[in-house]
Amino acid sequence: MLITREQDWWKKAVIYQVYPRSFQDSNGDGIGDIQGLIGRLSYLEKLGIDCIWLSPVCKSPQDDNGYDISDYQNIDPMFGTLEDMEQLFAEAGKHGIGILMDLVLNHSSDEHRWFQEAVKSRENPYHDYYVWRDGVEGEYPNDMRSVFGGPAWQWVPELGQYYFHQFSVKQPDLNWENPKVRREIYDMINWWLDQGVAGFRLDVIDQIAKDPELKVTCNGPRLHEFIRELSRETFQRGHYLTVGEAWGADVERAKLYSAPDGSEFSMVFQFEHICLDQIPGKEKWDLAPLPFLKLKEVMEKWQTELYGCGWNSLFWNNHDLPRIVSRWGNDGIYREESAKMLALLLHGMQGTPFIYQGEELGMTNVRFAPEDYRDIETVNLYRERLEAGYSQESVMESIYAKSRDNARTPMQWDDSENAGFTGGTPWIKVNPNYQEINAAEQMTRETSVWSFYRQLIAFRKRYSVFADGRFTLLCREHPQVFAYIRENESERLLIVCNFFGGRPEWPAECREVCNAGKQQGMKLLLSNYSDSKKERCPEMLRPYEAVMYYSTK
């Protein structure tokens, strides 16, 4: 049955990402599952979210935690069955929640039946479903590297050919130049639409139009041609939420991805604000200071340049990124204040907010022993850097800061054994701080991070300025304060955030806006300090203090 929703419903929605392996285990095997998620739908309804982005649950050998799919139209037994998935659609609907599925269309698993046929012979009808190059064993077609380390080419002696894989050797890239591949994909997507999904998140979608001859992976020459055809054949059947993961997106490309005519996607995940500490010519694992003024510049650019001609996705965290409170905030004495500040800063902007599981609790990074990490990228990085002569201490500091496993530790539900995640042995260790940071404690406390997120979500639904207000950056060169205005014809928001642990004076520019707003009845809507309601424009901002003022015009 097709989902019936209003056009552009996602502009006022808040999405919650569930990494099912780590969310809730229902059968004691130490791995989260669909029935576990069904049992937590009431929690998500209380939080106020509209849609769940469900990381991959399709059948998979789990070489890359489900992003290596062996059967697009079946559920991996570790998560449940197709019947469980049907129940999830139905039960989530009763709670007013849609399900956004994760689609991996750049590559499949090498255990997918297409690839199993493809390696049988060059003449097999499925051989051209993947990207091959003739060659000689040991002499790679070129020097392209896999994202997870090592060459991006794998030799198949029976064929005398190499296949191309941008990620794991068990994730051969699909050949989107072959119209039969595209047709298979469209039919599969339409099958899921008929099951009742609310939309899709499309994994590394900007890499489908690759050209290994030119060493091009992102933003290939036929990329938008492929995406428009994909949209016409599938998503344009109804009002679906679609978000493409596009690490190579700039503003101009994002205008194509998220054009108001719906010709491609609803929005994209772009990562410019995430990659600000990247050093030119260095790998992502090399640590560098986080540039605060550059963050303001980048956020302003995306808010202003997409206004009226595209749509932003708003996120700090996902399954591939470290916990934001540990990366940009303070996960020590000011953990709650900085987690709330980061939430208020982001949710006040225009776009569709995405909350990653545990973000609403202020969950933090972990510092595991090397043998306790499970992520393939982290494990490979550890081995390769030690072999290259890096000290173990420096390698571990990079892993502590940036490992994807920071986001993949089990959801912290309560202070019981294994944080209430499982009655068995969890597939990855629980963060040891679960007795202090957990949902059960926070849901009963009005001043908790969870309660703060709940208020933010409610305000986004109540006031139209969150969806359609223009963005104006204030205090551009201030080294500690991130402040901005959002306003439409009838409403205005003023957001002021102290991004650090110092005590700066209230910037004059913010004070002028606040004082002028008194004539329109400007009031404090939300603050991360409970006693802020007693003050208006105090002399100083406290560590990580964040306030949101509201007025009508």
Side-chain angles (χ1 to χ4, degrees), residues 56 58-74 76 102-188 202-223 226 374-381 383-384 387:
C58 292
K59 192 171 182 181
S60 166
Q62 302 296 321
D63 185 61
D64 186 23
N65 284 8
Y67 285 89
D68 49 319
I69 294 175
S70 58
D71 187 344
Y72 287 97
Q73 292 176 246
N74 206 347
D76 195 281
D102 211 329
L103 278 180
V104 187
L105 304 181
N106 175 71
H107 49 267
S108 75
S109 165
D110 65 347
E111 297 183 29
H112 194 289
R113 64 178 179 84
W114 297 343
F115 192 77
Q116 294 293 300
E117 289 293 319
V119 296
K120 289 181 178 178
S121 76
R122 296 191 185 199
E123 290 71 37
N124 190 286
Y126 289 96
H127 184 73
D128 196 39
Y129 275 39
Y130 296 87
V131 180
W132 300 91
R133 293 295 182 270
D134 295 340
V136 177
E137 186 174 8
E139 298 180 13
Y140 299 111
N142 58 34
D143 61 358
M144 294 183 73
R145 304 282 293 176
S146 161
V147 172
F148 294 158
W153 299 98
Q154 179 66 23
W155 177 249
V156 180
E158 296 82 2
L159 299 176
Q161 287 184 309
Y162 287 90
Y163 68 83
F164 183 66
H165 61 95
Q166 294 184 65
F167 298 92
S168 163
V169 68
K170 291 183 64 62
Q171 292 170 295
D173 276 44
L174 290 164
N175 178 19
W176 272 70
E177 297 288 338
N178 185 343
K180 292 181 180 178
V181 172
R182 302 200 301 272
R183 186 71 262 166
E184 293 255 26
I185 288 171
Y186 305 157
D187 290 345
M188 174 270 295
L202 297 105
D203 186 64
V204 294
I205 196 65
D206 59 349
Q207 299 189 20
I208 61 174
K210 61 197 72 77
D211 188 342
E213 299 294 333
L214 300 176
K215 299 184 183 180
V216 171
T217 53
C218 287
N219 304 315
R222 299 188 67 189
L223 177 61
F226 288 156
R374 299 290 178 263
D375 170 44
I376 183 174
E377 184 181 26
T378 303
V379 171
N380 288 348
L381 179 279
R383 183 189 70 251
E384 290 183 354
E387 291 173 352

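- V136 and Y162 make their closest contact through O-OH, 2.8 Å (heavy atoms, listed as atom of the first residue, atom of the second, distance).
- For K215, the salt bridge (charged side-chain N to carboxylate O under 4.0 Å, His left out) partners are D143, not counting sequence neighbours.
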Exercise for review: Applying side-chain contact (heavy atoms from CB on, under 4.5 Å), run through Y126 and R113 and close with a yes or a no.
Suggested key: CA-CA 9 Å; Y126 289 96; R113 64 178 179 84; 3.4 Å; yes

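- Here the side chain of R122 pairs no donor or acceptor atom with the backbone of H127 at under 3.5 angstrom.
- The two residues R182 and W176 make their nearest non-hydrogen contact at NH1-O, 2.7 Å.
- Between the side chain of N142 and the backbone N or O of P212 there is at least one donor-acceptor pair closer than 3.5 Å.
- Ring pair W153/F164: centre-to-centre distance below 6.0 Å.
- Taking every heavy atom of both residues into account, S109 and F115 meet most closely at O-CB, 4.0 Å.
- Aromatic rings of W114 and Y129 (six-membered ring for Trp) have centroids within the 6.0 Å cut-off, being under it.
- In this structure a side-chain-to-backbone donor-acceptor pair under 3.5 Å is present from Q171 to Y67.
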Return all side-chain donor-acceptor pairs below 3.5 angstrom for residues 202-209, not counting sequence neighbours, or 'none' if the list is empty.
residue	atom	partner	partner atom	Å
D203	OD1	R201	NH1	2.9
D206	OD2	W247	N	3.2
D206	OD2	G248	N	2.9

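- Closest approach of V169 and Y163 over heavy atoms only: O-OH, 2.6 Å.
- Listed here is the closest heavy atom pair of P61 and D68: CD-O, 3.3 Å.
- Between the D71 side chain and the K59 main chain, no donor and acceptor come within less than 3.5 Å of each other.
- Within the structure, salt bridge (Lys or Arg N to Asp or Glu O under 4.0 Å) contacts touching residues 148-177 (residues at least two apart or in different chains) are D110-K170, E111-K170, D173-K210, E177-R222.
- Contact between E384 and F148 at its shortest, heavy atoms only, is OE2-O, 4.4 Å.
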